[in-house]
Chemist: 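Mind having a look at this structure? Questions to follow.
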Amino acid sequence: MDKYIPQEIEKKWQDQWESANSFHTDEDPSKKKYYALEMFPYPSGNLHMGHVRNYSIGDVVARFKKMRGFNVLHPMGFDAFGMPAENAAIEHGIHPRDWTLKNIENMIRQQKSMGLSYDWNRKVETCQPDYYRWTQWLFELFYERGLAYKKEASVNWCDNCGTVLANEQVIDGRCWRCDGEVHKKNLAQWFFKITDYAEELLADLSKLDGWPERVKTMQENWIGKSEGCEFHFDIEGFDEKLSVYTTRPDTAFGITFVVLAAEHPLVEKLIAGRENESEIRAFISETLKMSEMERTSAASEKKGIFTGAFAISPFTGKKIPIWISNYVLYNYGTGAVMGVPAHDERDWMFASKYGIDKIIVIDRPEKSLKLDEMDNAYIEPGVLINSGEFNGIPNEDAKSKIVDWLESKNLGSRKINYKLRDWLISRQRYWGAPIPVIYCDKCGEQLVPKDQLPVLLPDDVEFKQGALSPLATSKTFSDCKCPKCGGHARRETDTMDTFICSSWYYLRYADPKNSSEPFEKSKVNYWNPVDQYIGGIEHAILHLLYSRFFTKVLRDAKLLDFDEPFTNLLTQGMVIKDGAKMSKSKGNVVSPEEIIEKYGADTARLFILFAAPVERDLDWSDQGVEGASRFLNRVWRILLQFEDQIKTAQDSYDVSTLNKDEIDLRRILHRTIKKVTEDISDRFMFNTAISSLMELTNAIYGFQDKPLNPNLAREVARNLLIMLAPFVPHISSELWSRIFANEKDVHEQNWCEFDPSAIVEDEIEIVLQINGKVRDRIKIPATLDKDGMEKIARESKFVENKTIVKIICVPKKLINVVVK
RNA sequence: GCGGAUGUGGCGGAAUUGGCAGACGCGCUGGACUUAGGAUCCAGUGUCGCAAGACGUAAGGGUUCAACCCCCUUCAUCCGCACCA
């Protein structure tokens, strides 16, 4: 018997699959389609273990579904635009394109060495003109639909990256990519109007039954819907109105101050000419200097200053002092809030600090509130007091009654607010899809005509750290003709956020070579939505929210006929080692390439699928890898030991010729088929599926030194290899080709079915409990009914001399006798 | 602070509907084969106990004939959000 040498067989099978075009897919309306997709990688140059895990999971799903008869789409591509390529250009003088393409080449080589069942004919690379042409085309579609606009705004700026960032890309006040500090800057930038879809993006989360709850919760929080009302105050001595937004109109009679954000446009008017104007201005500039982080931290101190102006409460007619404070956000609601210290914790702190009045307007049901006994705002439910005609109404009911009142007096109206902001999509970088817009002095902003797309990236640019838009340094790029008047015009020199490229790639896979449109509608409607999407939790908001937005816009544009891009989402856990995420700085990185070279791809895949459930973090263990390798060697040896007998055996045979041990083995086989099938298809429990395959293998070893019916050996080998195939494709193909030499490759076989009659046992072991404690294990006929079981229990020596209170029988499981 | 998750041997983890806790793997111990073993095969391996047995799923309580699983309280760890009025 020859030895299992993965290095030899893996390459052989990879080449064979590639030359046979084994994983090529076409639309086939006669078959049920299945679209398995792993998040495409950024081409950093090398796969890391997170990729290996991601692709191993996806490959099991794709191969399994294929064996179950689905027409499977399983593509791979590269999210190829982005900063690192540009940093390489800055640091090493290599062009981002060359750097990226070289990295892609290496990563494809590594992916191929894993034996993944991708249809490589469908590869997409977002940095290629034949792809970004359609990214630009989609930008124009958004523009034409009023969903892309340019405006001057206070935006997030990362100095390191020399570009603006979307809100979603700012993590704890830092850049998602380089971790550098982000600060605010006023710039004219392009936005996508994702807020138009806020309600649908929120509401449709309920359709996503196949998504993890926590991802949906995160998106829900990010969209941040709140229902309340907006109303306005008159300002004493000014012909101005001051609007505020609140979710607590029921507390409105308790307003004792109003607070403006430092940026609020009214501030300037209100403070002009006050005797302490310079003091107020100093406060404002100090507030504006604070970083976003400091200002929005709930922990930071609430500071404020009185403007000297008064609003008039529409509820009580009283004068309400107008303050400015650092705790009011300008970009949410109206940038101004009402202060009700008795019933809001922030207002309580603020009022306490500056000696502002507090008025209780919601009273506690059990015991009346007294200000001097309170050291906190009262935010529980209660009944309105000090609220004029609304006194005595429970506060929840009062909310809508007071809004009705405001609406009837034309003072305000119901209002829904979202935390979600429009998506800032322009970037002052080179390595991205140029925004296809032309500025003409005469005709204004113009889209590049569709037949002139793509707007190609120029080569004559300078790459400099922190430089503004490298495209602006090109001699040739900016100058152009206005598509409308033909006069001199200039191009937009910003590029698009790479998240735009990745917001539609899963659609392009359906029709990757189309040169007349982004994709053919019928093809996208056949393959999409993605049936199973697999990737890391880090995209819970960013990519997954943007893709949902894109899908909805494209649906409204009638380019496709579904509402959600990803029917089922699996968020894999991280690969960690020694308790920490693998990282160069911690020195705990395990290189996939080295593992594959040493043990083979099958071992790497098997270990990573076996070591932990897919959604949980996986602790890398070199010894665990050894264990996986050991198992494959065991499979290799035991199957080849029976090779000759199996070859001469029959596929259909009379199972009544089997002896008792053989019947047991056959039972284990069919139980394993049942379990593995369920574990893969219903639960994604690959770790337990593999463990039962190990148990089956252990059971075969019981026949290592004793005769095994060749027909059964053949049945076991056939099914074991079919079940192993999605996990460890190479060794499965190799053993299959040796044992079932004149049959098609194991990956072309149908998945196995279990034989229910093989699982049935004549005699089963049940547990006898006395007062819930296990006292005995008894063998009984499987057909024995409750009465029979009870009889056995009564005759048991463990019941002797005891008074039986009750007997509980669970068929096929246990008997519990309650005694005194 | 709010929201979500997790907590089981020396370790990774099983236990699918409330019904034998610890499957499978790692590690460890012993044995076989062997010049040798870091290969392979076999056996053992939750804790205490000579044993019968008792105890045991973060801690405490509850429901139940029966609880890792359901309910209540507390703790720890991780993740997300975090002045959103």
Side-chain angles (χ1 to χ4, degrees), chain A residues 3 171-172 212-222 224-226 228 244-248 251 259 295-302 325-329 331-340 343-347 349-350 417-420 537-538 540-541 573-574 606-607 610-613 615-628 630-631 633-634 637 675 678-679 682-683 685 687-698 701-702 704-705 765-777 805-819:
Chain A
K3 272 180 69 181
I171 317 285
D172 292 338
E213 212 51 49
R214 65 172 174 153
V215 174
K216 289 190 278 186
T217 307
M218 281 164 74
Q219 292 210 357
E220 190 182 327
N221 291 340
W222 186 260
K225 181 179 183 174
S226 84
V244 297
Y245 172 75
T246 182
T247 54
R248 294 296 306 275
T251 64
V259 200
R295 278 187 70 184
T296 56
S297 160
S300 63
E301 197 189 359
K302 290 165 186 41
S325 171
N326 60 359
Y327 80 89
V328 176
L329 304 172
N331 60 8
Y332 183 80
T334 61
V337 301
M338 64 185 206
V340 184
H343 302 292
D344 181 280
E345 282 179 38
R346 295 155 301 184
D347 296 346
M349 281 193 268
F350 192 78
N417 264 325
Y418 299 91
K419 292 184 201 171
L420 184 70
I537 186 76
E538 67 273 18
I541 292 169
M574 283 190 305
L606 187 74
F607 167 73
F610 175 64
E615 300 214 81
R616 254 198 262 175
D617 284 353
L618 182 155
D619 214 344
W620 185 267
S621 151
D622 291 330
Q623 286 167 330
V625 179
E626 294 277 355
R630 201 173 299 159
F631 168 68
N633 274 289
R634 275 165 66 76
R637 283 194 306 270
K675 175 158 176 61
E678 288 168 358
D679 279 356
D682 304 345
R683 313 198 300 154
M685 296 287 287
N687 55 332
T688 52
I690 291 167
S691 76
S692 50
L693 291 169
M694 289 172 169
E695 286 178 86
L696 174 59
T697 306
N698 291 345
Y701 267 83
Q704 200 184 14
D705 300 317
E765 191 181 84
I766 59 154
V767 164
L768 176 67
Q769 294 183 338
I770 307 295
N771 291 341
K773 293 196 193 282
V774 179
R775 278 294 175 273
D776 202 4
R777 286 155 217 274
V805 180
K806 197 173 177 187
I807 299 180
I808 292 107
C809 289
V810 183
K812 295 184 181 178
K813 290 234 165 83
L814 57 70
I815 309 170
N816 187 14
V817 185
V818 186
V819 300

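Residue numbering restarts at 1 for every chain, and letters A, B, ... go by the order of the sequence lines.
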Chemist: Ring pair (Phe, Tyr, Trp, His ring centres under 6.0 Å) with A:Phe610: which residues, sequence neighbours excluded?
Modeler: none
Chemist: Rounded to the nearest Å, what distance is computed from the CG atom of residue A:Asn816 to the P atom of nucleotide B:G18?
Modeler: 18 Å
Chemist: Under 4.0 angstrom, heavy atoms only, what part of the nucleic acid is A:Gly224 near: base, sugar-phosphate, or nothing?
Modeler: nothing
Chemist: Output the distance between atom CG (A:Leu420) and atom CD (A:Gln219), rounded to the nearest 0.5 Å.
Modeler: 10.0 Å
Chemist: Hey, is the side chain of A:Asn221 pairing donor to acceptor with the base of B:C81 inside 3.5 Å?
Modeler: no
Chemist: Could you write out each protein N or O paired with an N or O of nucleotides 11-17 of chain B at a distance under 3.5 Å?
Modeler:
{"unit_1": "B:G12", "atom_1": "O2'", "unit_2": "A:Ala611", "atom_2": "O", "d": "2.6"}
{"unit_1": "B:G13", "atom_1": "O3'", "unit_2": "A:Asn687", "atom_2": "ND2", "d": "3.4"}
{"unit_1": "B:A14", "atom_1": "OP1", "unit_2": "A:Asn687", "atom_2": "ND2", "d": "3.0"}
{"unit_1": "B:A14", "atom_1": "OP2", "unit_2": "A:Arg616", "atom_2": "NH2", "d": "3.3"}
{"unit_1": "B:A15", "atom_1": "OP1", "unit_2": "A:Arg683", "atom_2": "NH2", "d": "3.1"}
{"unit_1": "B:U16", "atom_1": "O4'", "unit_2": "A:Arg683", "atom_2": "NH1", "d": "3.2"}
{"unit_1": "B:U16", "atom_1": "O4", "unit_2": "A:Lys675", "atom_2": "NZ", "d": "2.9"}

Chemist: Dump the pairs, protein N or O against N or O of nucleotides 41-48 of chain B, anything under 3.5 Å, distances to one decimal.
Modeler:
{"unit_1": "B:C41", "atom_1": "OP1", "unit_2": "A:Arg634", "atom_2": "NH1", "d": "2.7"}
{"unit_1": "B:C41", "atom_1": "OP1", "unit_2": "A:Arg637", "atom_2": "NH2", "d": "3.1"}

Chemist: Rounded to the Å, how far apart are A:Met349 CE and B:C83 P?
Modeler: 12 Å
Chemist: Quick one: A:Asn633 CG to B:A39 C1', roughly how many Å, whole number?
Modeler: 10 Å
Chemist: When the C1' atoms of B:A15 and B:U29 are compared, how many Å lie between them, rounded to an integer?
Modeler: 27 Å
Chemist: For the side chain of A:Lys806 and the base of B:C65, is some donor closer than 3.5 Å to an acceptor across the two?
Modeler: no
Chemist: Walk me through whether A:Arg634 and A:Asn698 qualify under side-chain contact (heavy atoms from CB on, under 4.5 Å).
Modeler: CA-CA 9 Å; A:Arg634 275 165 66 76; A:Asn698 291 345; 2.6 Å; yes
Chemist: Could you classify B:G9 for me, syn or anti, using a glycosidic angle within 90° of 0 as syn?
Modeler: syn
Chemist: Provide the distance between the two P atoms, one in B:G56 and one in B:C69, to the nearest whole Å.
Modeler: 13 Å
Chemist: Using the test side chain to side chain donor-acceptor pair (under 3.5 Å), find all partners of A:Gln769 that sit at least two apart in sequence or belong to another chain.
Modeler: none
Chemist: Considering only the C1' atoms, how many Å lie between B:U35 and B:C24, rounded to the nearest integer?
Modeler: 36 Å
Chemist: In whole angstrom, give me the gap between the P atoms of B:C55 and B:C41.
Modeler: 39 Å
Chemist: Hey, does A:Val340 reach any base, or is it just sugar-phosphate, or nothing, if we go heavy atoms under 4.0 Å?
Modeler: nothing
Chemist: Does the side-chain contact (heavy atoms from CB on, under 4.5 Å) test come out yes or no for A:Asn771 and A:Val819, once each step is laid out?
Modeler: CA-CA 7 Å; A:Asn771 291 341; A:Val819 300; 3.7 Å; yes
Chemist: If I compare all heavy atoms of A:Val340 with all of A:Asp347, which pair ends up nearest, and what's the gap?
Modeler: N-OD2, 2.8 Å
Chemist: Can you tell me the distance, in whole Å, between the CG atom of A:Leu814 and the P atom of B:G18?
Modeler: 15 Å
Chemist: Check every strand shown and say whether A:Ser621 touches a base, only sugar-phosphate, or nothing at a heavy-atom separation below 4.0 Å.
Modeler: nothing
Chemist: Taking atom P in both B:G9 and B:C68, compute the distance separating them and give it to the nearest angstrom.
Modeler: 14 Å
Chemist: Using the P atom as the point on both nucleotides, what is the distance between B:G22 and B:G31, in whole Å?
Modeler: 28 Å
Chemist: For B:G25 versus B:A32, give the span between their P atoms, rounded off to a whole number of Å.
Modeler: 23 Å
Chemist: Does A:Met338 or A:Gly772 map to a spot on RNA chain B nearer the 5' end, using the closest nucleotide for each?
Modeler: A:Gly772
Chemist: Specify the residue among A:Thr247 and A:Glu213 whose closest nucleotide of RNA chain B lies further upstream toward the 5′ end.
Modeler: A:Glu213
Chemist: How many Å lie between CD1 on A:Ile770 and C1' on B:G19, as a whole number?
Modeler: 15 Å
Chemist: Output the rounded distance in Å from OH (A:Tyr332) to P (B:A82).
Modeler: 13 Å
Chemist: Using a 4.0 Å heavy-atom cut-off, does A:Val810 contact any base of the nucleic acid, only the sugar-phosphate backbone, or nothing at all?
Modeler: base
Chemist: Atom CZ of residue position A:Arg214 - does it have more than 12 heavy atoms of other residues, nucleotides or ligands inside 6.0 Å?
Modeler: no
Chemist: Anything below 3.5 Å on both distances counts as a pair; with that, list the stems of at least three consecutive Watson-Crick or G-U pairs involving RNA chain B.
Modeler: B:1-7 with B:75-81, B:10-12 with B:24-26, B:27-32 with B:40-45, B:46-48 with B:53-55, B:58-62 with B:70-74
Chemist: Rounding to a whole Å, what distance do you find between A:Phe631:CZ and B:G25:C1'?
Modeler: 11 Å
Chemist: Taking atom CG of A:Asn221 and atom CD1 of A:Ile541, what is their separation to the nearest 0.5 Å?
Modeler: 8.0 Å
Chemist: When you measure from the side chain of A:Asn816 to the backbone N and O of A:Gly772, does any donor-acceptor pair fall under 3.5 Å?
Modeler: yes
Chemist: Could you tell me whether A:Lys813 contacts a base, only the sugar-phosphate backbone, or nothing, with contacts defined as non-hydrogen atoms closer than 4.0 Å?
Modeler: sugar-phosphate
Chemist: With rounding to the nearest 0.5 Å, note down the distance linking OG in A:Ser691 to NZ in A:Lys675.
Modeler: 6.0 Å
Chemist: Can you figure out which of B:C79, B:G19, B:A85 approaches the side chain of A:Arg214 most closely?
Modeler: B:C79
Chemist: Quick one: pull up CD in A:Glu538 and CE in A:Met574 and give me the separation to the nearest 0.5 Å.
Modeler: 9.0 Å
Chemist: Short question: side chain of A:Tyr327, backbone of A:Phe350 - any donor-acceptor pair under 3.5 Å?
Modeler: no
Chemist: Distance from A:Ile807 atom CD1 to A:Leu768 atom CG, nearest 0.5 Å?
Modeler: 9.0 Å
Chemist: Would you please name every residue forming a salt bridge (charged side-chain N to carboxylate O under 4.0 Å, His left out) with A:Lys419, sequence neighbours left out?
Modeler: none
Chemist: Taking atom P in both B:C70 and B:G4, compute the distance separating them and give it to the nearest angstrom.
Modeler: 15 Å
Chemist: Could you give the CD1-to-C1' distance, from A:Ile537 to B:G80, as a whole number of Å?
Modeler: 9 Å
